[in-house]
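Step one of this worksheet: look at the structure below.
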Amino acid sequence: MKRLAIGVSDFKKIIEGDFYYFDKTKLIEEIINDGSEVKLFTRPRRFGKTLNMSMLKYFFDIKNGEENKKIFKDLYIEKTEAFKEQGQYPVIFLSLKDLKALTWEQMEEKINVTLSDLFSEYEYLLNELVETDFDKFKKIISEKANLSNLERALKFLTKILYEKYNKKIVILIDEYDSPLVSAYINGYYEKAKDFFKTFYST
């Protein structure tokens with residue numbers, strides 16, 4: 001008997017757990033056919049944004065691509081021409097929902113931890129890096145990177161993945177505005193704005 005996926009926002013868990021799922025994989029086809037390089041999804045809270053981002057991650061990610069193909073069986077996207085894009089790209093999936101802090105100093109610490117966790121997912125790349133990139137990568141993982149390197153961390157990881165796979169990178173950022181809202185409420189918006197302007201734009 002199928003169950004309701006209350007509190008579950010991981011696409012793979014929902015499919016493999018045989019939860020009720022309203023097929024939203026047409027969104028993948030629309031994104032592929034649209035051709036835009038940047039997409040911004042604005043929906044109310046509890047509207048399934050994180051679940052859809054998770055779906056995109058499992059669809060595009062080159063890592064475990066063959067295994068992930070199974071979770072799209074019998075869904076809309078499997079029957080389309082767009083399905084040839086499944087498992088073809090390196091994916092960076094970054095959630096900023098927990099980046100909330102009372103001060104900029106606390107926010108810096110949380111940024112350090114968040115990016116350390118992100119880079120740890122790609123630790124398998126370390127042995128393929130040149131010395132300077134290796135050192136920079138290790139500093140981010142060990143939470144010892146300076147603010148300047150953290151500002152460019154997303155671009156740095158993108159560069160490394162591109163050099164590894166020679167393919168465009170899919171970057172998914174969930175709740176990108178969460179740290180800025182926190183900064184505005186707690187009075188350090190200018191510092192946060194300066195950091196994230198560079199972080200996103202590079």
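The shortest non-hydrogen separation linking I173 to M53 is O-CE, 3.0 Å. Contact between Y21 and M55 at its shortest, heavy atoms only, is OH-SD, 3.5 Å. Across all non-hydrogen atoms, the minimal contact from I77 to A82 is CD1-CB, 4.0 Å. When all heavy atoms of K24 and N52 are compared, the closest pair comes out as CD-OD1, 3.6 Å. Heavy-atom minimum distance, Q106 versus A101: CB-CB, 3.6 Å. The nearest pair of heavy atoms linking K69 to F83 is CG-CZ, 3.7 Å.
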key: Working for side-chain contact (heavy atoms from CB on, under 4.5 Å), residues Y176 and D174   = CA-CA 5 Å; Y176 80 97; D174 194 20; over 6 Å; no

Next item on the list: May I have the step-by-step check of side-chain contact (heavy atoms from CB on, under 4.5 Å) for D177 and L96, ending in yes or no?
Entry: CA-CA 8 Å; D177 60 336; L96 301 184; over 6 Å; no

Please assess F60 against I32 for the test side-chain contact (heavy atoms from CB on, under 4.5 Å), listing each intermediate value before the final yes or no. CA-CA 10 Å; F60 286 114; I32 290 169; 3.9 Å; yes

| query | Can K12 and E67 be said to form a salt bridge (charged side-chain N to carboxylate O under 4.0 Å, His left out), step by step? | reply | CA-CA 11 Å; K12 189 173 185 178; E67 182 186 329; 2.9 Å; yes

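Linking ILVMFWY residues whenever their side-chain heavy atoms come closer than 4.5 Å, directly or via other members, places F196 and Y184 in the same cluster. Taken together through direct or relayed side-chain contacts under 4.5 Å among Ile, Leu, Val, Met, Phe, Trp and Tyr, I140 and V113 form parts of separate hydrophobic clusters. No continuous path of hydrophobic side-chain contacts links L102 to I185 [ILVMFWY only; heavy atoms under 4.5 Å]. A single hydrophobic cluster is not seen to contain both I169 and L56; linkage of ILVMFWY side chains at heavy-atom distances under 4.5 Å, directly or through other members, places them apart. Grouping the Ile, Leu, Val, Met, Phe, Trp and Tyr side chains by contacts below 4.5 angstrom, directly or via other members, places I62 apart from Y89.
In this structure a side-chain-to-backbone donor-acceptor pair under 3.5 Å is missing from S182 to S178. Using a distance-only test at 3.5 Å, with no hydrogens or angles considered, a donor-acceptor pair links the side chain of Q86 to the main chain of G65. Under a 3.5 Å cut-off, the side chain of S116 and the backbone N or O of N112 do not form any donor-acceptor pair.
Between K39 and D34 there is a salt bridge, since at least one side-chain N of the basic residue sits less than 4.0 Å from a carboxylate O of the acidic one. Salt-bridge annotation for E81 and K84: present, with a side-chain N of the basic residue lying under 4.0 Å from a carboxylate O of the acidic one.
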Pair up each side-chain donor or acceptor in residues 153-165 with any protein partner under 3.5 Å, not counting sequence neighbours, and list the distances.
residue	atom	partner	partner atom	Å
T158	OG1	L154	O	2.7
K159	NZ	D133	OD2	2.9
K159	NZ	E163	OE2	3.4
Y162	OH	N166	OD1	3.4
K164	NZ	E128	OE1	3.4
K164	NZ	E128	OE2	3.0
Y165	OH	Y124	OH	3.2

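A distance of 8.5 Å separates CZ of R152 from OG of S201, quoted to the nearest 0.5 Å. A distance of 11.0 Å separates CD1 of I171 from CD of E37, quoted to the nearest 0.5 Å. Summarising the geometry, atom CZ belonging to F22 is positioned 12.5 Å from atom CG belonging to L51; distances are rounded to the nearest 0.5 Å. In this structure, L75 CG and K26 NZ are separated by 14.5 Å, a value rounded to the nearest 0.5 Å. Rounding to the nearest 0.5 Å gives a distance of 12.0 Å between CG of D135 and NZ of K144. Atom CD of residue E143 and atom CZ of residue F119 lie 13.0 Å apart, to the nearest 0.5 angstrom.
Here the side chains of F195 and L180 are not in contact, with every heavy-atom distance at 4.5 Å or above. Taking the side chain as every heavy atom from C-beta outward, L172 and V91 approach each other to under 4.5 Å. In this structure, the side chains of F72 and I15 stay at 4.5 Å or more apart for every pair of heavy atoms. Considering only heavy atoms from C-beta on, P90 stays 4.5 Å or farther from K63 through its side chain. Between D98 and T114, every side-chain heavy-atom pair lies at or beyond the 4.5 Å cut-off. The shortest side-chain heavy-atom distance between T132 and F137 does not fall under the 4.5 Å cut-off.
A side-chain donor from one of E29 and Y76 sits under 3.5 Å from a side-chain acceptor of the other. With hydrogens and angles left out, the side-chain atoms of N146 and S148 include no donor and acceptor closer than 3.5 Å.
The aromatic rings of Y58 and F11 lie tilted to each other, with the angle between the two planes from 30° to 60°.
With sequence neighbours left out, the salt bridge (Lys or Arg N to Asp or Glu O under 4.0 Å) criterion links K167 to no other residue.
Sorted by first and then second residue, the salt bridge (Lys or Arg N to Asp or Glu O under 4.0 Å) pairs involving residues 185-202 (not counting sequence neighbours) are E190-K193.
The number of heavy-atom neighbours closer than 6.0 Å to NZ of K13, taken from other residues, nucleotides and ligands shown, is 12 or below. For N127, the CG atom counts as loosely surrounded, since its 6.0 Å shell holds 12 or fewer non-hydrogen atoms of other residues, nucleotides or ligands.
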